[in-house]
Asks: 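Have a look at this one.
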Protein chains: 2
Amino acid sequence: MKKITNLKALAEHLGLSQTTVSRALNGFPEVNHKTRQIVQAAAQKLNYKPNARAKRLATGRSMAIGHLVSVSKGHEIVNPIFADFIAGASARYIESGYDLLLSLVPDENELSAYSDLVARDAVDGVIIHTPKEDDPRLKRLNELNLPFVVHGRSTKSNEVYNWVDVNNERAFFRATEFLIDLGHRSIALVNGMTDMDFVIRRTTGYQRALSKNDIESQTSYILNGEMTEPYGYRSAIALLDRPIPPTAIIASSMLVANGIRRGIEESGLKMGRDISVLSHDDDLSYFRDESEVPVYTATRSSVREAGYKSADLLIKTIENPTRPREGILLEANLIIGSSTRPAVR
Amino acid sequence: MKKITNLKALAEHLGLSQTTVSRALNGFPEVNHKTRQIVQAAAQKLNYKPNARAKRLATGRSMAIGHLVSVSKGHEIVNPIFADFIAGASARYIESGYDLLLSLVPDENELSAYSDLVARDAVDGVIIHTPKEDDPRLKRLNELNLPFVVHGRSTKSNEVYNWVDVNNERAFFRATEFLIDLGHRSIALVNGMTDMDFVIRRTTGYQRALSKNDIESQTSYILNGEMTEPYGYRSAIALLDRPIPPTAIIASSMLVANGIRRGIEESGLKMGRDISVLSHDDDLSYFRDESEVPVYTATRSSVREAGYKSADLLIKTIENPTRPREGILLEANLIIGSSTRPAVR
DNA sequence: AAGCAAATTCAAACCGCTTTGAATACAATA
DNA sequence: TATTGTATTCAAAGCGGTTTGAATTTGCTT
């Protein structure tokens, strides 16, 4: 039995035209029922799969989604939430047969990377990660007319675009107010780099809760930095070293919270007893805590779900480009764990 | 000025044939120097980029590398080292113009996912992540004649293949012997799932060090599980609860080590004083510790570098398929931090 | 100035699929 | 049975590049 590697061979093998075979396999209605059965059975048996390259060229669609992650030269951090986000998105792509194209782009070339992708016609759409407060990428993508979804938002941009975001403002408002209700008055916020949109939103939520409760917001209680474990540690050490240390600390990620805990314990204190810690929790698979009472009180929101929904929204937009742009706001749950306690005074 | 979107238009614009323009852009020697200059200048100015889809079909090459990550239905963990590995590989792909295709595959379809990829002719090669001790994927890929590189090894497989791996056996041998030299005699190993090759190699190294030093290897000191933070925590609690708790613990990853530390501190002990901890450190960007004395004594090996080297090896193999298969063994550094101390007895 | 090899350029075929427009087969109608 | 309509099938023309084999220039020789 000769090897069937392309449509032509399959068509000849069946004594049919390529047209008919192609249509039979792609579910066109004008093919005789019986013929279709035969064709499908043969394709199955001979393990015929249409060549992806040829298909892409012929249809003019890439059947691929680009994820462009910008990598800064200075601080080369790969966002740890990335893997879980991708896992969620990927699940959705598989359902519709899209491939996932990943490009890590040095951020000085970022804009041109998008133009290239379009010029090369390599993807049908892209997902934007960690947008800035006024992210130039959105404008560029709209100009290029390439469908895209932002994971997060770009508050100061006046572009129209699709996005999927956690309600960071409210989550951190609630987190802060929760601590205030426990009697805490000096609450620190160990946040990420200020050029990221979500960092700003979180700060806003935090400050709104303070001012609503007539607590003076001390800027010295707000720290910003690359969200690593050592950063959490250094932040805790620095905060506890203050003349008046905070009685509660809010962390922007579990990784940071882990560092904070380390700093606290190294200072001879105990988290949840001497000082409260509340973290945002992206529900990453390798931090998932199955115990009855979670270690950390946290605002939890699954980044994997965000990935799935972003992918879903993007696919809808690709398949119907005139679809109005949509924003999806995910609410975080406030989960009570054992890292928070009423303030002792 | 009309928009130049394809070769034909560019050729007409220049009054040249497609052939010549194509050759000028692709650096063929038989093009007049002056002509080439003109063509290149025009392409640059008009921002002409050859259509990726057409190019792939015409050349028969996908210019894409597949990373197939298997996701188990039961324990849906995305390996946290993945992001950094990809970052390293991506840097290498960019140098040679390859795209990175990422597929998360439910592991029951794993083998067929590879066949599909080949049948669809979607990638020029693949990277295999976290191989098992006798991984069926290697045989399959060799049969399919698709170039690949394994990140790690498959000890019991008798296939011939490219691989890039850390010398896990030696790293853990050294780690264990280091602790023994400090006087430790009961050393626990908190390792990953036993179906992964590197887990087995690490166990082997650990055991070899014990037996070399005439220490009876107690299997009860070897724990296996999904390498998460909570797993590290539970392991520490369980170990410390033993009638004779270990005086030192070796952790298979920083995340696990963090959990172990949490368990230790929760038990009222102090890591590095009451009990020693030594971890393997993949040098992940979000754990990178810039302080003078690292927190953890660790066997350190950059997974990002492994990513870069794997990509490099794969590209070499793709561009020269007859190239003999190669294995690259990376040695881990033993970095002394403050989590280890001589055993008190 | 003719002759010939080397340097350039070009028209056309090809990669493997989809899709258009025409052709053929079959069934129903008059 | 001739006619008309509908269901199927097909040959050929793209998609946008690369590559083969032939044609045209150009540069030297004699």
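We name chains A, B, ... by the order of the sequence lines, and we start the count at 1 in each one. Computed from a predicted structure; not experimentally measured.
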Asks: Could you list the residues that satisfy salt bridge (charged side-chain N to carboxylate O under 4.0 Å, His left out) with A:Asp135, not counting sequence neighbours?
Replies: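 Result, salt bridge (charged side-chain N to carboxylate O under 4.0 Å, His left out) vs A:Asp135: A:Arg137.
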Asks: Could you state the interatomic distance from CZ (B:Arg92) to CD1 (B:Ile315), rounded to the nearest 0.5 Å?
Replies: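 These two atoms lie 4.0 Å from each other.
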Asks: Could you tell me which residues satisfy ring-ring contact (aromatic ring centres under 6.0 Å, His included) with B:Phe148, sequence neighbours excluded, listed by chain and number?
Replies: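 B:Phe148 satisfies ring-ring contact (aromatic ring centres under 6.0 Å, His included) with no residue once adjacent residues are dropped.
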Asks: Go through the structure and list residues passing salt bridge (charged side-chain N to carboxylate O under 4.0 Å, His left out) with A:Arg153, not counting sequence neighbours.
Replies: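 A:Arg153 satisfies salt bridge (charged side-chain N to carboxylate O under 4.0 Å, His left out) with A:Asp165 only.
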Asks: Would you kindly give the CG-to-C1' distance between A:Asn32 and D:dC10, to the nearest whole Å?
Replies: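 Nearest whole value for this atom pair: 15 Å.
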Asks: Report the residues that fulfil salt bridge (charged side-chain N to carboxylate O under 4.0 Å, His left out) with B:Asp197, sequence neighbours left out, ordered by chain and then residue number.
Replies: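 Salt bridge (charged side-chain N to carboxylate O under 4.0 Å, His left out) list for B:Asp197, sorted by chain: B:Arg201.
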Asks: Could you tell me the separation between the NE2 atom of B:His33 and the P atom of C:dA6, rounded to a whole number of Å?
Replies: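 After rounding, the reported distance stands at 23 Å.
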Asks: B:Leu14 has an atom CG; how far is it from atom P of C:dC10, in whole Å?
Replies: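 Taking atom P of C:dC10 as the reference, CG of B:Leu14 is at 10 Å.
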Asks: What residue among A:Ile128, A:Leu102, A:Val105 forms side-chain contact (heavy atoms from CB on, under 4.5 Å) with A:Val69?
Replies: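 Among A:Ile128, A:Leu102, A:Val105, the one meeting side-chain contact (heavy atoms from CB on, under 4.5 Å) with A:Val69 is A:Leu102.
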Asks: Do the side chain of B:Asn6 and the main chain of B:Ala9 share a donor and acceptor less than 3.5 angstrom apart?
Replies: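 Such a contact is found between B:Asn6 side chain and B:Ala9 backbone.
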Asks: When the distance from CD of B:Glu12 to P of D:dG16 is rounded to whole Å, what number comes out?
Replies: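 These atoms are roughly 13 Å apart.
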Asks: Kindly say if B:Ser17 contacts the phosphate of C:dT9, meaning a side-chain N or O under 4.0 Å from OP1 or OP2.
Replies: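 B:Ser17 to C:dT9 OP1/OP2: no side-chain N or O under 4.0 Å.
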Asks: Would you tabulate the nitrogen or oxygen pairs shorter than 3.5 Å linking the protein to nucleotides 14-21 of chain C?
Replies:
unit_1, atom_1, unit_2, atom_2, d
C:dC17, OP1, A:Tyr48, OH, 2.9
C:dC17, OP1, A:Asn51, N, 3.1
C:dC17, OP2, A:Leu7, N, 2.3
C:dC17, O5', A:Tyr48, OH, 3.3
C:dT18, OP1, A:Asn26, ND2, 2.9
C:dT18, OP2, A:Ser22, OG, 2.5
C:dT19, O4, A:Thr19, OG1, 3.2

Asks: Calculate the interatomic distance between B:Arg61 atom CZ and D:dG17 atom C1'; express it in whole Å.
Replies: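 These atoms are roughly 15 Å apart.
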Asks: Taking A:Thr59 for its side chain and A:Lys55 for its backbone only, find out whether a donor-acceptor pair lies under 3.5 Å.
Replies: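 Checked: pair present.
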Asks: In degrees rounded to 10°, what angle is found between the helical axes fit to the five outermost pairs at each end of the helix from C:dA1-D:dT30 to C:dA30-D:dT1?
Replies: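 Rounded value for the end-axis angle: 60°.
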